[in-house]
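A quick write-up on the structure given underneath.
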Amino acid sequence: MGASISLGEIQETLLIPLYGRALDARRRRSVLDDRKAAELVDTLDYDFAKFRGPSLFGSVLRASIFDGYVRSFLAEHPDGTVVDLGCGLSTRFERLDNGRVRWFDLDVPDTMELRRRFFSDSDRYTMIAGSLFDTDWFDQVKERGGPVFLLSEAVLLYFPADQVHATLERIVAEFPGTGLAFDTGGRAMMNSQDRNPVFKAVPARMVWTCDDPRTLEPLGLSLLESRTFASPQPEVGRMWPLRYRLGLKGLRYLVPPPVTTYKLNRFETAAGT
């Protein structure tokens, strides 16, 4: 594999889902079959073993639900544009590329510097160094025209509500009639972070609380569907091991807050006038 890569000051939170996908790739029955994630974990000089607990596989289930949203968009718009806002070390383009999609991955410069050691731009794939809270990326994404789908997985949760709301309003104004997917966490979930073994290993904490994603509709969003780990899309759930499909449905009744207050949502922005 060659020399390992030291992470330095790269945010640790982006490594949690990477490690979860790598562990999944090594299972006999993999949900995502993300071999690239396993390759990255083998290359990075980092003690991944300190990450443990159910949140690791939860990141796999979350990724598969978001994958389902993107697949649905591409089934209807195979030549459309997909933008992963705060992509981290996601390998979603490699998993879902249909040979026609125009794809942008966006994240802050230090993350993109690391990302470019493993991925390269191409005629249909572009990495953008920047913040989803800025507006610099708008024109680049819209340049091609046609349908656009925006997603942000496990990113907005780490920022204050006023910053999140202001960003959503800007996106609504710039991308009318556009699909947008992101996750929200209720108060019960936020209050249980310190009991999560994964979060004990990193300093970052989620801060944006949203008990009901429908309360975001006044920002110019229409909620199309809202999923939990106990209610994935049927075509997505069929890819999960039976023990997770049945176990999560049971946990919904035994310990409902962690299962039901974390939601993965698909919206559409208001149509322009």
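Numbers for residues simply follow the sequence, beginning at 1. Computed from heavy atoms alone, side chains included, the values below leave out hydrogens, waters and symmetry copies.
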Around atom CD of E235, are there more than 12 heavy atoms from other residues, nucleotides or ligands closer than 6.0 Å? yes
How about F138 and F175: are their ring centres within less than 6.0 Å of each other? yes
The salt bridge (Lys or Arg N to Asp or Glu O under 4.0 Å) partners of R27 (sequence neighbours excluded) come to none
Quick check on E76: does its CD atom have over 12 non-hydrogen neighbours (other residues, nucleotides or ligands) under 6.0 Å away? no
If the test is side-chain hydrogen bond (donor to acceptor under 3.5 Å, both in side chains), which one of S59, S64, S30 qualifies with D24? S30
Do other residues, nucleotides or ligands put more than 12 heavy atoms under 6.0 Å from R144 CZ? yes
Report yes if the distance between the aromatic ring centroids of W103 and F73 is under 6.0 Å, otherwise no. no
Can you tell me how far apart CZ (R214) and OG (S226) are? Round to the nearest 0.5 Å. 8.5 Å
Looking only at side chains, do S120 and R116 share a donor and an acceptor under 3.5 Å apart? no
Just checking, is any N or O donor in the side chain of T184 or N265 under 3.5 Å from an acceptor N or O on the other one? yes
What's the verdict on salt bridge (Lys or Arg N to Asp or Glu O under 4.0 Å) for R35 and D33, showing C-alpha distance, side-chain angles and the deciding distance? CA-CA 6 Å; R35 304 291 176 178; D33 195 28; 2.9 Å; yes
Are more than 12 heavy atoms, taken from residues, nucleotides or ligands other than E113, located less than 6.0 Å from that residue's CD atom? no
Set of residues satisfying salt bridge (Lys or Arg N to Asp or Glu O under 4.0 Å) with respect to R102, sequence neighbours excluded: none
Do R115 and D107 have side-chain heavy atoms sitting under 4.5 Å apart? no
Can you classify the ring geometry of F229 versus W240 as parallel (below 30°), tilted (30 to 60°) or perpendicular (above 60°)? perpendicular
We want to know whether Y125 and D105 form a side-chain donor-acceptor pair, criterion being a heavy-atom distance below 3.5 angstrom. yes
Chi angles and distances behind the side chain to side chain contact (heavy atoms under 4.5 Å, CB included) call for Y158, R205: CA-CA 6 Å; Y158 290 90; R205 289 295 181 270; 5.9 Å; no
Between CG of L32 and CD of E94, what distance do you get to the nearest 0.5 Å? 13.0 Å
When rounded to the nearest 0.5 angstrom, what is the spacing between CG in L18 and OG1 in T13? 12.0 Å
Is K263 positioned over the aromatic face of F182, cation under 6.0 angstrom from the ring centre and no more than 45 degrees off axis? no
Is it the case that the ring center of Y46 lies less than 6.0 angstrom away from the ring center of Y19? no
When rounded to the nearest 0.5 angstrom, what is the spacing between CH2 in W208 and CG in D183? 8.0 Å
Looking only at side-chain N and O atoms, does D121 offer a donor or acceptor that is under 3.5 Å from a partner on T126? no
Does anything in residues 161-181 form a salt bridge (Lys or Arg N to Asp or Glu O under 4.0 Å)? List the pairs, not counting sequence neighbours. K142-E174
